[in-house]
There are 2 protein chains.
Amino acid sequence: MPKADTRIQKKNQAAILSAALVVFSQFGFRGSTLDQVADEAGLSKPNLLYYFPSKEAIYTTLLARLLENWLEPLKNIKADGDPVEELLAYATHKLEMSQHFPRESRLFANEIIQGAPRIGEVLRGELRELLGELAIVINGWAEAGKIRPVDPYHLIFSIWAVTQHYADFDVQVRAILGDADPFEGAHAHIEAMLRALLTPAGSNP
Amino acid sequence: MPKADTRIQKKNQAAILSAALVVFSQFGFRGSTLDQVADEAGLSKPNLLYYFPSKEAIYTTLLARLLENWLEPLKNIKADGDPVEELLAYATHKLEMSQHFPRESRLFANEIIQGAPRIGEVLRGELRELLGELAIVINGWAEAGKIRPVDPYHLIFSIWAVTQHYADFDVQVRAILGDADPFEGAHAHIEAMLRALLTPAGSNP
DNA sequence: CGTGCCTTTGACCAGTTGGTCAAATATCGC
DNA sequence: GCGATATTTGACCAACTGGTCAAAGGCACG
């Protein structure tokens, strides 16, 4: 077990996690093998296990790292900003994550579909609390007449659903759109949808 | 290899497919084992392979059956109906499928996330064509001023995304909502979203 | 250039995997 | 109740799985 992080350790750990992301995001935890990960990382299987104690450890390291990036942007929604623009910025950020880090999204999707055996606690704990606070903010906006009244939870669900769809169902989206870039149209559509839903009646820019 | 379908054959094949749906929808093809399926079905592993030639065959049978139910409701959208109501009915139907057949949704999601190795052809063929026709209908509605102008493809994507989210991410949704039934709020929210997006300016019911 | 530590690997292991097969057992038409 | 046929299963197999380990190969530093 390495204590300090030498150059070579950093390099190999990064290579392993990167390879593991590729493999786990496609096949899920149980469907992936250490040989696949080792192959993808260009290392031997025993060498993987020199840097990580087990397959499980690689996977959970990946998940933990992901959860940080997952929860953080939620906290950036400012109660004193313009409501529609705040929510739009969040949705745009999530869509860009789908565009640039689709594997992370698929890894997460795999874990949730599997029943979230390793992150259920986080979902029922930190995430739930975070969303509770956000719901209060959104409800405040609605009561102040700054947005139309909406269910804050289902609003967030729909933002998650639509943005992650472009990463998780990438193959399907591209099968239908052909050569066109999905993300341009996606952004415009999501913006239109959120503005239509949220902009209070009587607002004419 | 059974030729005719006796009572016992129908029963066992149904039991196998039902068990396979439970297992495959949770762990994906590679993450599932025949022993799991056999256990769930209450049969021995060699007995499974008496009714189906391989693990692969069970899985593809499940997928083929699923695709039928998946594509059919798309065809029920009538060009001469009321646009908003037609699309709303479709979304409602999809949401009800998420509610009552979440495993089917997760099986499909697993297959797509995996890269759709077994149904890529259908996506690029039948599904794409079907959506092409639907896009023409929706564009027609927009040109006739019956709905606001929208990208028909991304509109459908967002309906798929939001409705399937409640099946595929069921665990996450319930972790956040607690005891509340997700589907009541979901239906109301989706209806509100679609009406806001689609109802042309100046329509006041 | 040698010594101590970090890194890498080939050989190996026990358990699991999808799948086979011959023999046993149940079912059905007569 | 009998023979033919359909169904079920225990024993088995080769390939693969996650993981171990001792030995070998590099590397840095005196």
Side-chain angles (χ1 to χ4, degrees), chain A residues 1-64 107 110-111 114 117-118, chain B residues 1-64 107 110-111 114 117-118:
Chain A
M1 294 155 212
K3 308 173 186 182
D5 273 12
T6 71
R7 282 142 212 112
I8 194 166
Q9 277 176 22
K10 275 188 188 166
K11 192 193 69 177
N12 280 345
Q13 280 177 3
I16 291 170
L17 288 175
S18 167
L21 178 62
V22 170
V23 176
F24 284 135
S25 67
Q26 190 174 356
F27 300 109
F29 179 71
R30 298 203 31 185
S32 304
T33 74
L34 283 181
D35 286 303
Q36 280 179 287
V37 178
D39 252 34
E40 180 78 29
L43 299 172
S44 68
K45 185 170 62 173
N47 208 2
L48 288 200
L49 295 164
Y50 172 72
Y51 289 102
F52 290 88
S54 66
K55 180 188 179 186
E56 177 94 20
I58 301 178
Y59 184 72
T60 52
T61 301
L62 226 43
L63 265 189
L107 184 80
N110 252 314
E111 174 70 11
Q114 232 213 26
R118 295 152 224 275
Chain B
M1 293 156 215
K3 306 174 186 179
D5 274 13
T6 71
R7 283 142 211 112
I8 194 165
Q9 278 176 23
K10 274 187 185 166
K11 192 194 70 178
N12 279 345
Q13 280 176 1
I16 291 169
L17 288 175
S18 167
L21 177 62
V22 171
V23 176
F24 284 135
S25 68
Q26 189 173 358
F27 301 108
F29 179 72
R30 298 202 32 183
S32 304
T33 74
L34 283 181
D35 286 303
Q36 282 179 286
V37 178
D39 252 32
E40 180 79 29
L43 298 173
S44 67
K45 186 170 60 172
N47 208 1
L48 289 200
L49 295 164
Y50 172 73
Y51 290 102
F52 291 88
S54 66
K55 180 188 179 186
E56 176 95 20
I58 302 177
Y59 184 71
T60 53
T61 301
L62 225 44
L63 267 189
L107 185 78
N110 253 314
E111 174 69 11
Q114 232 213 26
R118 295 151 224 275

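Chain letters run A, B, ... following the sequence lines, proteins first, then strands; residues in each count from 1.
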Q.
Taking side-chain contact (heavy atoms from CB on, under 4.5 Å) as the definition, give me every residue that meets it alongside A57(A), ordered by chain and number, with sequence neighbours left out.
A. P53(A), S54(A)
Q | Length of the CZ-C1' vector between R30(B) and dC16(D), whole Å | A | 11 Å
Q) Separation of Y51(B) atom OH from dG19(C) atom P, in whole Å? A) 18 Å
(Q) Walk along nucleotides 22-30 of chain D from 5' to 3' and tag each nucleotide B, S or - by protein heavy-atom contact under 4.0 Å, base first, then sugar-phosphate. (A) ---------
Q) What is the distance from CG of D35(A) to P of dT17(C), rounded to the nearest Å? A) 16 Å
Distance-only criterion, 3.5 Å: show the donor-acceptor pairs between side-chain atoms of residues 18-26 of chain B and protein atoms not counting sequence neighbours.
from: S25(B); atom 1: OG; to: L21(B); atom 2: O; distance (Å): 2.7
from: S25(B); atom 1: OG; to: V22(B); atom 2: O; distance (Å): 3.1
from: Q26(B); atom 1: NE2; to: Q114(A); atom 2: O; distance (Å): 3.1

Q: Give, ordered by number, those residues of residues 53-61 of chain B having at least one heavy-atom distance below 4.0 Å to an atom of DNA chain D; if nothing qualifies, reply none.
A: none
Q.
Whole angstroms only, please: what is the CG-P distance between L34(B) and dT17(D)?
A. 15 Å
Q: Could you check if a side-chain atom of N110(A) sits within less than 4.5 angstrom of a side-chain atom of N110(B), using non-hydrogen atoms only?
A: yes
Q | Integer-rounded Å distance: dT17(D) C1' and F29(A) CZ | A | 12 Å
Q | F27(A) CZ to dT17(C) P, straight-line distance once rounded to whole Å | A | 18 Å
(Q) To the closest 0.5 Å, what do you measure between NZ (K55(B)) and OG1 (T60(B))? (A) 12.5 Å
Q. Which pairs count as salt bridge (Lys or Arg N to Asp or Glu O under 4.0 Å) when at least one residue sits in residues 13-25 of chain A, sequence neighbours excluded?
A. none
Which atom pairs, donor and acceptor, lie under 3.5 Å between side-chain atoms of residues 36-43 of chain B and protein residues at least two apart or in another chain?
from: Q36(B); atom 1: OE1; to: R30(A); atom 2: NH2; distance (Å): 3.4
from: Q36(B); atom 1: OE1; to: T33(B); atom 2: N; distance (Å): 3.0

Q: Hey, could you give me the CG/CZ distance between L63(A) and R118(A), rounded to the nearest 0.5 Å?
A: 7.5 Å
**Q.** Spacing between Q36(A) atom CD and dC16(D) atom P, to the nearest angstrom
**A.** 12 Å
Q. Between dG10(D) atom P and Y50(B) atom OH, what is the distance in whole Å?
A. 17 Å
Q) Can you name the salt bridge (charged side-chain N to carboxylate O under 4.0 Å, His left out) partners of K45(B), sequence neighbours left out? A) D35(B)
**Q.** dA6(D) phosphate, OP1 or OP2, under 4.0 Å from N12(B) side-chain N/O
**A.** no
**Q.** Interface residues of residues 37-49 of chain B with DNA chain C (non-hydrogen, below 4.0 angstrom)
**A.** K45(B), P46(B), L49(B)
(Q) Looking only at the side chain of Q9(B) (C-beta and beyond, no hydrogens), which of the listed nucleotides dT17(C), dA6(D), dT7(C) gets closest? (A) dA6(D)
Q: Using a 4.0 Å heavy-atom cut-off, write out nucleotides 23-30 of chain C from 5' to 3' as B (base contacted by protein), S (sugar-phosphate only) or - (no contact).
A: --------
